[in-house]
Amino acid sequence: MSEYASFCHSPLLKRHPGPPLIDTQFIFWKDGDFGLCFEEIFILSLSYSLLSLVSALYAGLYRSRNRRQRPSLGLLARGILVTILGINSITKLVSSFWLIPSLSYSLFLSQSLSVLAWIIHSLSLFVLSFSPTHTGLGPLPLNLTWGLTLLSTILRFRSVVHYLNHGSTLPSYLSSSVIQITTYIEFGVQVVYVFLLFVPAGKHRSSHTPLLGSTQFRQGEDEEEILDDGDELLVTSHGIQEYGSVRPHPTLRRFRLPDASEDRANPLSLLSFWWVQPLMKRGSLGLLRRPQDLPLMPKALWTSTVRERFQRIFNPDRGGARADTELYSLKSMDRLSVSHSSQPSLAAAAHNTAPNNTDLPPPPPPHRQMSLVRALNWSFGLHYYPLGIMKLVNDVIGFGGPLLLHQLVAFMENRTEPMSHGYYYALGLFLSTLLTAVLNAHFTYQVNKVCIKIRGSLVTEIFRKSLSVSTVGMGEYSTGQVVNHMSTDVDRIVNFCPSFHQFWSLPFQISVSLYLLYRQVGLAFIAGVVFCILLIPVNRWLAKKIGELSTKMMTQKDNRVKLMTEILTGIRVIKFYAWEKNFADKVNNIRSSELKSLAGRKYLDALCVYFWATTPVLISIMTFSTYVALGHKLTAAKVFTSLALFNMLISPLNAFPWVLNGLVEAWVSVKRVQEFLRLPEIDPSSYYLAAGAYPESLSSEERDAVSISNASFSWRREEERGDTFTEWSLKNIDISIKRGSFVGVTGKVGSGKSSLLSAITAEMRKIRGKIYVSDLVEGFGLSSQESWIQYATVKENILFGLPYDPDRYAAVVYACALEEDLKSLPAGDQTEVGENGVTLSGGQKARLALARAVYQDKDVYLLDDPLAAVDAHVASHLYTHCITGLLKNKTRILCTHHIRFLQETDCVIVLSNGGISLTGAPATVLPLIEGNEFRPRKLSGSHKQVTERPAAEVIKEEDESMTDGVLVKEEEMEEGVVKVGVYWSYWVSVGLVLAPAVLLSLFLMQASRNVSDWWLSFWISHTRKDERHNLTSLLESAPISTNSQPHLSFYLGIYGGLAAANTLFTLLRAFLYAYGGLEAARVLHKKLLSAILGAPVWFFDINPIGRIVNRFSSDLYAIDDSLPFILNILLAQLFGLMGTLIITCYGLPWFLVLLVPLAIIYYYIQKYYRRTSRELKRLSTVTLSPVYAHFQETLTGLTTIRALRATKRFMKENETKLDMSQRANYGSYAVAQWLSIRLQMLGVAMVGGVAFIAVLEHHFAGSVDPGLVGLAISYALSVTNLLSGVVTSFTETEKEMVSVERAMQYIRGAPVERNNDNNNSPPIDWPTRGVIEFQRVVLKYREGLAPALKGISINIRSAEKVGVVGRTGAGKSSLFQALFRMIDPLESGAILIDAINISTVSLDRLR
């Protein structure tokens, strides 16, 4: 400490001789107070430095203010108080120069830093008072660092009072009256500052009054959904929207969001998480049933807020206060104009014609985009990194427990120490555990809030990127892979938040623990350190291998999810061909490889757990053995202080490998996501030619609508090899299409017709040439060959986000021949269609997609063979009333094989092998086309005359599978506790023998550890008895025992044997548990896959693909990894808690008096919490499914969405659904810390109770065994974390069990096709003739629906060719549904093939 001493007495300013008025020695504690030099350097200077740093960060971050924004009165008032503190500090500093003869460096440093801190802090408060996201209390890190200055002010105030009482014995500069007065002023102003925190602060208000009130929750049937839109909100009266639904814009009204409960809470409520109580009460009453019941988030956590903040950093040219997500906006077109021409005419023209778009610059060049990690740091680092201060303070206070334990046990051993010291030590234990509990809860909660921010920013950025990358750019990514980026990869990156602070905190805790152990046992500690050092390279190798296996497993998971998505998309084809077993084998093969990688990970994890779980035990045996071997004597104070330190080592040592794994997995996911986010985006400025290329003399009407000049296009990416001229999809294209013209494009299959339309919409890669489109901002009316239909009602599909215009809507429905279809649907245009229109016929989907394009009222229409999927008379209707009728004044490009529809075109383009072979007027080009090349063949042979029945009598087909228009019901959500049957299902999946073996190994591991600690207590107690016996014998001149060495060997031998048994049981437990988790994952996936592939077709009509894929991705990932992980923690902590309570009660039996009431409170708190937590987890799962489903649907329809210029609306829908999911997570995090702080208070009561009971017994009984007291308190110190850990891990296990519950819903609840595997199978050569007979067949798709087939009787002879004709909905497809037993059983009747009833034939044989 000599360096500090010189710093204390070195005079900075010494005008005349005389002793310095501050300590000349660096003293930590003297005469009941801190040494003044220590106080100046390590308390005052440190607290003021931290306040200066954090205040400067916030002052710099919010240096821009909104002049129209009213300031926060609370922050302004505190800013004025801090200004007074700054003036007071300046006065103190000046007075010190004039009044103190010898001013030391330490005094000058602390006072100068106080001046600087108060000036910067006042500046930050004034700036924050105008910030819209920080009102009332202000940022938590800023308040925490201010709290440190409050503590230092209290200590300095105490020092002044102490001097007044003991002035003669303490040399100090505090004798100056000016110093005393300024200290009093500082203390008084700080007290007023504290009171201001408890006064409700003025909020930022706009000129209008909130219409939603200020309640946190909205109730009733007419609840209004809140959609954030910057500072205002869009509120609809429809409640939460299912994914894919589109509400007309005129129904939206603007409201202001009420403040979240957290923003309205006072400091005491924030400190105790009392503001969460309304949510807890709502959950306990069973009122958390719908997503609308979830709590509101603070504005700083809104998805729109974090998205804007992140994009300003990650994409600086795209971000902003109102960042646009539309690819083709006005400003991007202005950029296009500037880049290609100096003429300003295009910008003006675009502004005149563009409908309601906001500005968006083109995508930044790749070299301008910063790395993902750096962008996250810049965006959220200011909130995240200052939390390390809280973590550091928490860790430091946490070491007060073992140190005070040492003092308390030493007090028990020393009967001459004053009794008051024992009560001081007990009070210190109580306060240290109390502060640790509070800091730990708030640290965890703030980290979780950062997790919400990162998740919101990454999901929205991945969604935006998907909308901005062309089809060529997305070629290497499947839908499953991109969804995995949004789900699994984002989750792993989010998990980095708690892992990073643990990454530096855990080594710090380990280092301090080891240092304190050195102080206790001296050089004997080296034995344990050497063992720890030897484990470092082992764990490094394990972490590396785990990272490699994680990368490999994620790739296999991507492939499996991709294959499952393909299977579910084509499930009808698979069912028709009875390919279920083949595809199940494919999935199982990939799953086997995935499980192999998972097994490698789990076994390596088990090895990590073994090493780190046994390390404290091995360190203790090595340390104590070495200590005794060196000739030292073990005392209760040393042993149980060391034991408490060993217990403190367990948590960081066990957690460190998981932290390393989390960091490695997060880094892998960061690289995967960053690679996707660096895909080149569609750049209109480089793809399209600007309007300035045309002479100004030409009006906009005289310019071409579409013009392509000597251009070539490819479906391959630029970096792919082999992309030569011969392999280009389109070569040397030259076309000019005037406004309002009708152009026909024809050619062979694969000639490039669809590619030409994709080239116009920028979905291909342009290799050379020029392309011009008149109005890129408005977009195209695209009707693609493969119709993309949203999972919504028919009306919502047609409107596609536009307002409802009755006249226009009716004209579109008639022109697209949808009137008869709407009449046949059960709820008309309010009928929901299946995913991608799965419940509609091909013709209905084509006409619905055409109607959507026509209703958008674009100037240019790209029609990719919309007539191919409809009947001849319907095609004529579409051509007459739509293409040449309603769209007659539009620019139309029609790709078709039907030559007869090209007669009325203005120009015909014939494509061949990717190039234009003919072009010109129809009269010139059409005669040159070979007659048989494109025309469909004429029907030959005789045909019977048929009579068409009236439309009213037409039998409705499979689109009648719903009666109220709602095809897809809300996702099933269980209520109440997770049923015992779910746990039993997981138990059975682990194995009826393996599961009990795991529990037995856990019991043996914990028992051996507790017994080894008890043996230490026994050893110490008997050693003290032997010493007293020898002392008595010496006084009585009796012979002294000389068998101490045999006693030592005896105690050490048993202690070593117990330690060896513990390591063996730990190894057994780790590997048995890993194997059990793998077995459960394998069995549950096998059952789930079998249930899904064995379900009938109608099951997939009412369950969207996203909902089923969610089971195979997120839920299965939880079963594979998350559930075993948290269940492992639960079992370890549960057995640890039981062992702790048993040992504590054994050491201090009076503790049972305190334990009984605390146990009752503990039971009711956890029960109260679990009700709310369960429902929040279920709501989290239910609100997450729409996010994935909407994303998958968007990925399927990217081409249509971009062509119709709807990317901004889809981004807003994604944000809305994500916000609802984030609200569920936010509620879960809040209630988790509500529980944590209450359970930790119970732990604090237990620690304090044990300490005071020990002191009271020592005071009044005088016969307390220090060994048992030390053992009891050392265990009680860990009970705080164990109490909250057991409930938290149990609740988290229950949450993860919801994934098993959801899987079991399909395993047990999914319908199963009737297979009829029996002994009455048909002959091996069946069928021999192929005679099919329908005998009065009546078919219903589901119970309660009208029959789709009514008494059909048909007899089809062998080798007969039969055609089936009828209008849409007549029952054509239903005949095949019945023949292939897709709908089984029949309502009545029978179907025979070669005189054998097909209902008796197995499905595999039949199909």
Side-chain angles (χ1 to χ4, degrees), residues 225 239-245 288-294 303 455-456 459-460 462-463 466 479-480 482-491 557 561 564-565 568-569 790-792 832 834-836 838 966-975 1088 1091-1092 1095 1099-1119 1122 1174-1196 1210 1213-1228 1295-1307 1309-1310:
E225 181 188 1
I240 184 173
Q241 300 175 5
E242 291 300 325
Y243 88 95
S245 62
L288 287 177
R289 298 174 181 172
R290 300 175 299 168
Q292 295 94 325
D293 300 328
L294 292 167
T303 302
R455 181 170 182 261
V459 169
T460 53
I462 292 172
F463 191 90
S466 301
T479 300
V482 182
V483 171
N484 257 347
H485 288 327
M486 177 181 277
S487 56
T488 306
D489 286 323
V490 169
D491 288 343
K557 177 182 170 64
V561 174
M564 280 305 306
T565 304
L568 295 173
T569 304
Q790 277 192 278
Y791 210 155
E832 282 189 352
E835 192 165 15
N836 201 22
V838 70
V966 179
L967 175 64
V968 179
K969 307 298 181 184
E970 290 188 7
E971 187 168 3
E972 295 179 11
M973 189 180 76
E974 301 287 345
E975 295 183 0
L1088 181 61
I1092 293 301
F1099 172 81
F1100 303 94
D1101 294 340
I1102 64 174
N1103 289 280
I1105 290 178
R1107 185 179 297 175
I1108 302 174
V1109 169
N1110 200 11
R1111 259 72 168 187
F1112 284 93
S1113 56
S1114 296
D1115 289 325
L1116 203 60
Y1117 179 76
I1119 293 171
S1122 305
R1174 274 194 312 267
E1175 304 310 319
L1176 284 172
K1177 173 60 179 177
R1178 287 181 176 131
L1179 285 173
S1180 297
T1181 307
V1182 169
T1183 54
L1184 184 61
S1185 291
V1187 177
Y1188 292 154
H1190 179 256
F1191 189 34
Q1192 283 185 317
E1193 182 182 66
T1194 302
L1195 291 174
T1196 308
F1210 273 77
E1213 288 180 3
N1214 172 65
E1215 288 184 12
T1216 302
K1217 298 175 191 305
L1218 181 59
D1219 256 334
M1220 197 62 71
S1221 176
Q1222 297 278 64
R1223 283 169 61 182
N1225 292 332
Y1226 170 74
S1228 298
K1295 290 178 183 178
E1296 299 300 338
M1297 273 292 174
V1298 171
S1299 295
V1300 179
E1301 179 184 72
R1302 285 163 55 82
M1304 295 306 297
Q1305 284 177 350
Y1306 283 173
I1307 293 173

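Numbers for residues simply follow the sequence, beginning at 1.
For Tyr1117, there are no ring pair (Phe, Tyr, Trp, His ring centres under 6.0 Å) partners two or more places apart in sequence or in a different chain. Annotation: side-chain hydrogen bond (donor to acceptor under 3.5 Å, both in side chains) contacts of Asn1225 (sequence neighbours excluded): none. Taking the side-chain hydrogen bond (donor to acceptor under 3.5 Å, both in side chains) definition, one finds that Asn1214 meets it with nothing, sequence neighbours left out. Taking the side-chain contact (heavy atoms from CB on, under 4.5 Å) definition, one finds that Ala1091 meets it with nothing, sequence neighbours left out. In terms of the side-chain hydrogen bond (donor to acceptor under 3.5 Å, both in side chains) criterion, Thr460 has no residue partners (sequence neighbours excluded). For Phe463, the ring pair (Phe, Tyr, Trp, His ring centres under 6.0 Å) partners at least two apart in sequence or on another chain are His1190, Phe1191. With sequence neighbours excluded, the residues forming a side-chain hydrogen bond (donor to acceptor under 3.5 Å, both in side chains) with Gln1222 are Arg455, listed by chain and number.
The OG1 atom of Thr1194 lies 7.5 Å from the CD atom of Gln790; values are rounded to the nearest 0.5 Å. Note: Arg1223 CZ to Leu1218 CG = 12.5 Å, rounded to the nearest 0.5 Å. Note that OG of Ser487 is 6.5 Å distant from NZ of Lys557, once rounded to the nearest 0.5 Å. With rounding to the nearest 0.5 angstrom, the OG1 atom of Thr569 is 10.0 Å from the CE atom of Met564. Between atom NZ of residue Lys1217 and atom CE of residue Met1220 there is a gap of 9.0 Å, rounded to the nearest 0.5 Å. Between the CD atom of Glu1175 and the OG atom of Ser1180 there is a distance of 11.0 Å, given to the nearest 0.5 Å.
Just one residue in the list Asp1115, Leu568, Leu1116 forms a side-chain contact (heavy atoms from CB on, under 4.5 Å) with Val1109, and that residue is Leu568.
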Start with the C-alpha distance between His485 and Ser466, add both sets of side-chain angles, then the distance that settles side chain to side chain contact (heavy atoms under 4.5 Å, CB included), and finish with yes or no. CA-CA 11 Å; His485 288 327; Ser466 301; over 6 Å; no

Any chance you could lay out the side chain to side chain contact (heavy atoms under 4.5 Å, CB included) test for Val483 and Leu1195, step after step, and finish with the verdict? CA-CA 9 Å; Val483 171; Leu1195 291 174; 4.3 Å; yes

Quick one: do Ile462 and Val490 satisfy side chain to side chain contact (heavy atoms under 4.5 Å, CB included)? Show the steps, please. CA-CA 10 Å; Ile462 292 172; Val490 169; 3.8 Å; yes

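Side chains of Val1187 and Met486 form a contact here, defined as non-hydrogen atoms less than 4.5 Å apart.
Judged purely by atom type and a 3.5 angstrom limit, Thr1196 uses its side chain to pair as donor or acceptor with the backbone of Gln1192.
Ring centroid separation for the pair Phe1099 and Tyr1306 comes in under the 6.0 Å cut-off.
The two residues Ile1119 and Ser1299 make their nearest non-hydrogen contact at CD1-O, 4.1 Å.
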